Every structure is written in C-alpha cells, then in structure tokens.
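The chains referred to below are lettered A, B, ... by the order of the sequence lines, with proteins before strands, and numbering in each begins at 1. Predicted, not measured: the structure shown is a model, and the values here were computed from it.
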Amino acid sequence: MFEKVGDASFIKGEHEVLKFWEQNSIFDKLRQQNAGKPKWNFLDGPITANNPMGVHHAWGRTYKDAYQRYYAMTGHELRYQNGFDCQGLWVEVEVEKELNLGSKTAIAEYGIDKFVDACKRRVLKFAARQTEQSIRLGYWTDWDDPDTLRLLASKIGTEEVVTITTPSGKTESGTASELVARLGNAEWGGSYFTFSTENNETIWAFLKKCFRRGKIYRGYDVMPWSGRGGSAYSQMEVADGRKLTVHKSIFVRFPLVQNAASQTSEVLKTSEVSNANEFLLVWTTTPWTLTSNVAAAVNPDLDYVKLRSKRDGSVYYFAKDNLEYPRLAKEFKEGFGRTEWSWPTGVPKLKSIAQIFKEQGGYEIEATLKGSEMIGWEYTGPFDDLPAQSALGGVPFDPRVKDKCGKACHRVVDGGRDFKGNPMVVAGEGTGIVHIAPGCGDVDHTLGQQLGIVGIAPLGEDGSFLDGFGPFTGRNSTDPATAEFVFEQLKAKHLLVNVEQYPHIYPHCWRTGDELVFRLVDEWFINMDWRDEIKEVTESIRWLPDSVNGKERELEWLTSMRDWMISKKRFWGLALPIWVEEYEVNGEKRLDFEVMGSLEELKSRAVEGWEVLEGHTPHRPWIDAVKIKNPKTGRLMSRIVDVGNPWLDAGIVPFSTTQFNTNREAWQSQYPLDLVTECFPGQFRNWFYSMLSLATMMMWDEVSGTALAAGDSPETSSPQPSRPPAASALPLTAEQKRPFKTLLGHRLVMNEDGQPMHKSDGTAIWFEEAAEQLGVDTMRWMYLAHNPAQDLRFGTRHKDKPVTIETPDGPTDHTAEGLPVCEVVSKPADEVRRQILIPLWNSYSFFVNYARLDEFDPLAPQVPVEERPEIDRWILSNLQALIATSRREFENYNTPGVCSAAAAFIDDLSNWYIRRNRRRFWRSREASDTDKLAAYQTMYEVLVTLAKLLAPCAPFVCERMYQNLVVNGLRTLERNELVKWLGSELDEQSNWAFRLGFKRWPEKWEVPADNNSAVYAFAKNSCEDVPRSVHLCRFPQPDWRNDHDDGDMEGRPLDPELNERMALAQLVVKLGHKLREEADLRVRQPLAELRFACSDPWRRIAIERLADVIEEELNLKKLTSCDHLDDLVSYVYKPNQKALGPKYGKLLGAITQTLAATDPNTLAPLRRGESVTLKVDSGRTGSGQESQPTEVVLLPADIFITTQQAAEWISTDERGVQIALSTHLTPELLQEGIARDFVRQVQQLRKDANLEIQDRINVYYSADNGDVTVALTNWSEYLKTETLANTLDALNAIPTDTKSVTVGNAKVTIWIEVAK
RNA sequence: GGGCGUAUAGCUCAGUUGGCUAGAGCGCAGCUCUGAUAAAGCUGAGGUCCUCGGUUCGAAUCCAAGUACGCCCA
C-alpha cells in the first residue's frame, strides 16, 4: 500500500534517493539489463580536473546525463565514460601557487619530477571531488570510487605498492604511478584521464601520421609570449586573456633621407621641395619595438598629405583621412564593447592629429599624394645606433638575408593585403604609416618574410632585451620604465612628436595577468594545409542547435586559422614525441627530426636512457633521458623539451577511449560516436576543432572495408559485424571519418543580469551552494528547459550572506576548499519549482492520500477505457500525445521541447483534470463505484507514466513517485505476516520481494511445506517483473496498453477530437470566469443560466457534450445551446482575410470597408451558415472613371463574427463561440450562495484545526441576519454532508477566541468541535 | 575593416509556409478559489513588432538600405 505523502522536501528527498540508488546498485542493474542491446555512444568532453565544479559545469552535465538516461530507458547499451582533462598549463599554474614557485627556474630547482607528481596529485584530487559533485547532480556514469582516486593521489611519487579495486571489479596492484597511467582503460572501467599513457600514446600515433604526411615542422614565428610564464601562447589561448589596458602610445617621426621624397613623387617634383626636415609620421602603442624597426608600410591606394608644421618648418607625411580622424571617439563614449571595458577614468579624450599640430603652433597642408608614390623612400630609423641594427642577417641570424642589416632596410614599403584581400594598412587609428618590426609582431613578421628584409628580435625568454641593444639590454619590455626610457632617447634625438595615454584591448597572460609581448620564437607546428579535408568532415556532422550555425562557425574558423602551434616550453603535459639533432654542415645549420608513433617504436629505437623512463609515465623529466640514433649522422637525437598543446589531449579522445590502438573491433562498434555536447563559446577553435582535425588525420590512411563499417549505416547504432577486408579498399568518406554524428552546443551560465560570474569577485556559484539550496531536480529542469542557444541567467550569489546547508555529512557553512557557502537566489529555479515540480508533487500527493483512504488497489481489474468518463479519456489521450512528443524531442536532442510539453501536461493535470474530478475522489467508499475506480486508475496511470517520462529530466522526484506508486503500491502484504511465515527477519533480497508483494519470486527461497498457504498462492500467481527503480523501466511507448513486452498492442490512441472538445469547454469556462469577474459575481454564487451559440455544428455539439463540466466549473444551474443570441447580444462581422485575400485580391480593401458600413441584419444569415451577397464599390479605376460595383458572395467561412454588446445579460465571445451569462439572482440562488460560503468557512476551520480529512465534527454558528439563518436552515443537510458534520446548530452563546467571517453579505460567527 | 547573428510588453523571450484583435512567463494592479496550501486560477494595464524604402490584396514575417547591440575574425 502507498505510504502517506507529506511535504515535497525536495532536497532531503534527493539525498534519500541517492542513498537508495547506491545501496541497491541500481546503476549496475541498469547496465546489466542493457548489456548486449543496440549501442548508443556518448562521448564525454573532458572536464578540467583542476577545481571544484560550479553551476556552469552542471548545465552540460545535465544534458549528458539526461540523454544517456533516455537512451538507457529505450534499451541501449551505453559506454558510460566520464572524462577528466589532466595536462597542461591550467594545472601547472595552480600547482605553482600551491608550492609557492614563482617561475620556470624555481620549478626546475624544485625538481621537474616532483613537480609533475604534484600535478598528477592535484588532478586526482579534483577528479575525486568532481566525481562526488557529479553524483550529487544525479549524473549516472561509470564513476571511479572517489576514495580510490584520493588514495592514488596520496601515493603518487612513492614506490609503495597500492592495491585498488577498479570500477569493473578487478583488483589491481602496483605503484600509484603505474596504476594512474592506466586509469580508464576498457578492462578497468571508470573515467578516462587524459594523462593516461593510452591517451598520450594515441596522440603520438596522430603526430606520427602528421609526420608521415610531412605536416610537422619547426617554425620561427612571432607569437604572443608570456615573460613570466616563459612560454608562447597559441592563437586559441590569447583570445581568453584580452583585457582593457592603458598604454603610453607615441607619435614619432622618422627622418627621410635627403632627396628621397622628390626623387620618386610626381607631385612633389613639381612643387617647391625642401630637402631637409622631412619626416614620416609614425604611431605605435609599443614603443619598445621601435628599437627593432626595419621598415615603414603604407597603403598604396590611400591618399597621404604633406603637412608643414609652423613651429619649426618640419614636414610630415601621413594619411590624409587621419588628420581630422576622431580617434576612439566612439569608445570614449561607449566603451570597448563590454561593460567592464568602459573608458578608463583619468584618461583624457584622444586628440586628433590636426589638434596635436595646432597645439604645436599650427600647420598647413602643402600637397596630397598616393601611398604608391611614397614606396621606396628611404629613411633613418630611430635607433640605428644599436649594434643589432647593424648585424648582418638580422637578429637572430638568418642566412637568407646574410648580406643585409636592419638599418640598411629602412624604406617605405607596401603593406600588402591579408588572406581575404583586405589592405593591411588602413586609414583611421594611427597615421596610415605603420612601423614594421619583423621581430616584434606577427603581421610584421609575415610582411618581412614576403619582402625578404631582415628581422630583429630583441627579446629573450624572460621578455627582456638581449645583448646587442645597447642601453636597452637587460630591460624588460613590459616595464613602464622601459617605455619612459624610449621616450627620453627619442626626445634627445628630436624624434618624439607626442606622447599620450591610449586605452585598448590588449592580450594578457590568462594565468598571471601579465601583458603578453610578441616575440620571435622557435616552436613546433602542424601545417594545416589539409584544412579542406577537415571541412568535409565538418560538413558531415549535425550541429545543434540550428540557430547557432555551428557548422558555419566551425568552417569559418577552419578557413581563417593558421598552422597549429603544438609546442609549449613547459613541464606538465604530453611529451611531444619529436627527437632532433641540430648540426652544421659547411657553416649551414641543419635540423634532422623524427616523430615516434608509439612507446614500442621508441623502445626499439632507444639507444640510451630507456631504463630511466621504464616504470614511469611518458612524461618529463623521465622521457627526456631517452635518446635515439640519427640514421643520417649516426649521432644521438634528443627529444625536444617542449610539451604538447592540451587540446591535443582532448582532441584524441574519440580514439584513445574507444580502443583504436588496442582492439579494432571494439573501436568499430563505437565509432563514430553518436553525441557530443559541450558549452560552445570558444570550443569551435578548441575542442571541436581539435577533435575534427585529429579524426581527419587519424582516418587519413584508413580505408573502408578494413578500417571500419560504422559509417555504412549511420542511422543505426547496433554493433556492426566485423567484415573481411574488401577486395578493393576505398578511401573513407567524410561520414566515415567523422568522430561524432551530432554535436549539441549550449551557451554560458550568467548571473541574473546576464553578466559573467567570476570566481575572483565572489559571484561564481559553486555547485553545492546551488544544489543544496535550490535542489538538483530544479536545477536540472532549468537547464533542460532552457534554450541552448541563449545564455542562462542563473541567478545571484549573495557573497555577504553566508548560509548553512545540509549535506549527507551534516550541516556545513563552507565548501571542501574552505570557501564560505553563501545564499543563492535564482528566479528561474524558483519558477521551475513553483510551476513544474510543486504542481507535480501536489498532484501526486493528492492522489496518494485519497487512494490510501480508499485502499485503492492498482492491481484491481481495469475499467475499460471506453467506459470511463470523457474527462478520463481526455487526460489519457493527452498523455499519449506527451509520450509521442517526449520521444520525438529526446531523439532530436531538444529537451526544451520535452520540458514545455510536460509543463503543459502538468498544468492540465493539476488545474483541470484534478480540479474537475475532486468530487469523484471524495465520495464515500462503495465497491460498485466504477466511476471512482476509473478516476483512480486514470490518475494512477498518468502519474506512473509521468514518472517514467520525466525520469531522465528530474530523476529524483520521479524515483520517489515511482517507489511509492509502483513499489509500495503493488505491495499487498504486511511485513509482519511475511516475517511470521518465513520464520526469520528479511534479508535484503527477500525484503525487496516483500516490498513488491511477492511479484518477483526468488529462486533460493524454499517453498514452505504448507504450500497451500494463502501467501504462497498469491505470490505464485503474481510472478511478474516489476523494475525496482523508475530508471530500470522502459521509456513509455505511445499507444501501448502497458509497459510490458507482451505484444499487447491494443491501443489507447490519441483522440484529437476529444482534445479539441475539451479545449472548447476550457474556453467557455475561461470566458465565463471573465464575465463573472466583470459582473463582480463570485464563483460560489450559483447563477441560473449560461447560453451559448456557435455556428459550427460540430463545436456546438462538442460543447453540449461537456455541459456538465462547464456547469460545475462555472457553478451554473443550466447551460443552454442556442441557434443565436440575437435577443441578448449584437454582432460584429469582420472579414477573414486569409480566406478572402486569395479570392478577391485588391478588392479586399473595398470589401472590408463595405462590410463595416453594412447593416448587421443584412449579414445575419452568415450566422446560420448561409451566404450573403454584397455589392462592393471597388473605387476608382486607373483611368479615373467610376467603376461598376462588384457583386461579392460571402460564405460563412469568409467572415469572423464577434459579439459586441450585451443587453440585460452579459456576453462575450472568442474563436467563434458566443456566450451570455444570466446575472439575475433569485432568492433561491442567493441562499445557495450563502450555503456555499458557509461550507467554505467551515472547511477553513477544519484546516485551521488540523483535522484529518475523514474526521467528523459538530458545527455551531451565530448570525443576526435573517437571510443567512433561512439559507442555513434550508440547506442544512447539504451543509452537514459537505463538511462531514453530525450536527449544525445556531447558538447565541459565542465562545471566546472566535472570529466572525463574511457569508454572503452578512457577518456570521462559526465554530466547530470534533464529534465524539 | 570583414563575416555571422540579434532587434517584438518594464524584464526574459515565443511568433512555423506572409493572413483573424501580435502571444507566454516573470514583475505590477485587482479579483476569485482553496477538501492540492512551499498552493492555484482569472482579469487588467502595458507594444510606433529598431528606422526608411520595396514586393504583395495583405508584412513582425520576404527583399534592399540604414541604425544599434552581440559574437567571431583581422
């Protein structure tokens, strides 16, 4: 029998459910149940195991869990693997902080091995933490035991042998390092870790393929560089660290070499030319780069001016449009595009160039010329005295330009165009003459390469000037004092024109916050000239949601991206498997390198150092010891010290986690994966990009027939039989290469105002803060119902309001990291709870609490659906629609569709079905009351089905409903009976059978000698398999009578007509409520009659059939169907444009006018379904003559009829239904209204007294109003029945502490006592 | 500068192939109901559908231009 249902207590309930799942191994049972079924493969994007989860992580994880639960309930075998991202700078940064190491040298001194072990420890620690958080969210996957992870973390770096039990149940021993390197392998189960040897080695295989295709190269490029981090940043990382910064920018002048101008410019030849004192005007925000200036670029098509300063007669050249250009005028007013990027206070508005020269004594424009005329002019650089400017071949030496030096290259050059064809030099900011330092900027570097001029790279690894830069040597490039020093020098040389404060968005190191500089570096790259192959793969993937245009965004990135920099000069990460030897032959530098594709290959090639690596993971520092022999020279090759870009780690997982290297058949059954879902901003150039690239390359030399068959039938997810190699192996199609079939992206979690939440300012909400205050079912629903294409405005963390939360381990006011737990307010969560979860719970509790009283038996024979009342069939029909919608939307990966349909259903259930049927549940028990039984059975089916339908979305509350409705509900024996019969207490298994009322008969039980016992008979007769958890149930199927695979297809099909009829009834009720409102007539006051008219005969009959529903809901004595309401109302006729437009075209305007002017009586036949002919004057024709009136035949369908006025009665209309409500109140009606008021007040008193719903009472009242007394006397029997009163008496002796209440228009004092 | 996207009620957003009086939730105001009580329902106020053209009998919807904002790229 059901247990009584009290308050929802959602959060407490969630903890109970978690315990239930764990104690009963429900997840394991689900996996067993689905083993061998068709596969559905989800691929988890690895979460960085570096910090605890916030609410922003929970969105994606809710998707991941909900879709996996859905596919499990629809009978699929799933991979169930979570992933942790483990390697890379993110972790290093935090470990550096933990260990208080400030720099790369400090780490080297500390010991790379110890440092790497510390990184592993941190990853394991937070993997354990995130695992626990995910479990709290209800995320079901093959989790490692968090305690095992913590044990491994504590033993990392020791030689101690540790024994662990893997998630799959195996017992394994080894050092922590050995075990950790194998985490997540297919035999052990559990989450994958990107630091695993398998993951790293699979990347090696990828890089080997790149190498075989000749795509790996060492390049010199100017990259953003962090001086403190000692590392270059890739294009991807830079975008994450942009900040608004104020730099000192300067206008500086480069003296032109005498006669240079007049030599080339046609314009200047003919004008009065002064050969002295002519300058290029140049502007820069990075003054330190002037030391390394080599050239000055112009746009040949742009107009330039020759300006003479009146102060000293100097002449300046710069772009004409820049003279008056309002520099950063928009930014001054509106900021730089983000709220935190408003114009910095204290920074003055920028001056235009004209203004600068005016302030310096005025100017005049002497001539205008094209940029093309300036190309080739020679100038003198600002720091030509530095030795570096005279170094042949530049700095560092480049043999291709060994005869040139920096200062010999100083010329005006064409800035050229970018890859899209846009000019690199444009008017606007600056001067239209761009200072080019090929060693200090990426554009400069590219241009320098094109022009064949030398480069001067001034900075060392720490961001300071190298030798050869005179007084600059040793100075740090980002130090403001260095800029000041540049200004001093320029001033002394009379080259400084103006210094100003210049705010702009500048890249910063996202970890230290330091400014990045552009530095010439040698890094390793993958040549991405095979981007078209990746694009094809991209095209073959389904990108959701549609509105985000993910495919286009990815393709755009693939078009514009540059070669992929994969190296980083750091410690913790993938050891790039590149071995090199650098040497000189005849003074020429040579670089030989090889890429190892596996550890096995490395071992076979290793000539020394293998013993150092043995027993360790292939990480620094151990792998650095291994040397191989260079076959060309016979000398040793060493590994480059760089570690890999972490996106390689995440990009390889479609292969490394699917046994690509170890078990091709297992891999084939999973590839391509069905779904990937991740928060998308940024991932188009990160994870999505890396997966697409790596998959394309991995599949490059695979062939169909031998390689895979999965792509052959992309629509099915069943395992493919392995096939013999095809006779003719074909190259793979993009569809076969793609790593996954569908990608579902979602946007970001924001605060209440739509602004990002930051850890640093205390606005970021930690997962448990939200979970234990809002409830995770609530959060999950909020995530699942939200449009993934839009940011989710989660709510606000009040950092000044600490709170204490309940956890399974007791109350706490801080997180595991020691941060205070603060109040979290979330409007959308409150809305979900109020609109979805509470109505659902209330519906459930209403049902259970009455079903208990009536001892409703779910196993009682079903009242045939056809025999149930219309309203029962209506809600069941709606349920069918909901089942179909839910399945469709889950399979479209559109949970908002599921949630909105479910929300509408729950609203119908609670605000229509239950409200309309309450009285059926209240009736006293009678065995023959099949109507009541039908109500119970209907609601039981609705609630059980709902629990299953919503189980993927709100797994906790659905489990609680299911446990009570199904598990408890089917239990028909009392526990003590069973204990008596067994003669012992119940063990776990028999306890379960007991809860099922013996629905599952355990084999091991011995049949008692007295097998005639009633208990045994019952158990034997009802041997049926009832799943133990809602999550072990099949997802409901439409039109199936029940949930079992018994082939019973007898349907309960959707009845759209019934749904339409009920919608009409709801419409009439809504209109009736509106009229009552207008006439100020409360619903408790019965009214005599409601009349309605409707020209559509079907709808008229529909309303008639539901008259009882409408009468009861609106408290009416009579509902009358009428042909027309002519004597009560008047009508307005409006054209149906959709019908008339196509028929009459231009005449429509005239018809509308004519219709408005026509006597309504003429149009009356339309209401009877007849047509009417109108003469319509179509106005003037083109020739200006009066046209002949046109005869227009109007059909009823051409016209909308609405009600306008009411006489005596009140009336309204909507969607072609007109109603009129009688407002006339007879004494009888008034009396009944008084009686209903009285009942209501008594019920309130019952509630105030906390009476049980079945308690009987005595009622007393005192009224000095005659009408009330008469009414109560006349209605006394009714009153007693309604309030379960034995007596109803008028008394004058009013007890104290009673209040008088309003009944009708009178004041009455009522009090009650419990009947003896 | 280029590409993509967005612009509808105070706020957050729907609005399907052009067609009825442009909708929902929240908020606000009022009312009702309560034998579901952490309830619930109803009604109301509130809109130049960013602007200006064009196509059409008819445009929030399609086309063009512009404005503003967002994202990406440079």
Residue A/S560, side-chain atoms from C-beta onward, closest of B/rG35, B/rC73, B/rU32: B/rC73
Sugar-phosphate only, base, or nothing, as touched by A/S9 at under 4.0 Å among non-hydrogen atoms: base
Ring centroid separation A/Y936 to A/F921 under 6.0 Å: yes
Touch class at under 4.0 angstrom, heavy-atom based, for A/N849 against every strand present: nothing
Salt bridge A/R915-A/E1113, side-chain N to carboxylate O under 4.0 Å: yes
Derivation of the side chain to side chain contact (heavy atoms under 4.5 Å, CB included) call for A/V1083 and A/L1114: CA-CA 6 Å; A/V1083 177; A/L1114 283 174; over 6 Å; no
Geometric class of the A/F684/A/F688 ring pair [parallel <30°, tilted 30-60°, perpendicular >60°]: perpendicular
Ring geometry between A/F10 and A/W841 (parallel below 30°, tilted from 30 to 60°, perpendicular above 60°): perpendicular
Upstream residue (5' side of RNA chain B) when A/R1082 and A/S845 are each assigned their closest nucleotide: A/R1082
Touch class at under 4.0 angstrom, heavy-atom based, for A/F680 against every strand present: nothing
A/Q1243 side chain, from C-beta outward: closest of B/rG35, B/rC26, B/rC33: B/rG35
A/E831 side chain, from C-beta outward: closest of B/rG25, B/rC71, B/rA38: B/rG25
Aromatic ring pairing A/W557/A/Y689, orientation class (parallel under 30°, perpendicular over 60°, tilted between): perpendicular
Pairing pattern in dot-bracket form [Watson-Crick, G-U; both distances under 3.5 Å; | = partner strand] for RNA chain B: (((((((..((((.....[...)))).(((((.......))))).....((.((..]....)).))))))))).
Atom-pair distance (CH2 on A/W912; C1' on B/rG41), nearest Å: 11 Å
Nearest-nucleotide pick for A/R834, side chain only, options being B/rA39, B/rA14, B/rU34: B/rA39
Reading 5' to 3' through nucleotides 15-20 of chain B, protein heavy-atom contacts under 4.0 Å coded B for base, S for sugar-phosphate only, - for none: ----BB
Check: B/rU34 base within 3.5 Å donor-acceptor of A/R1240 side chain: yes
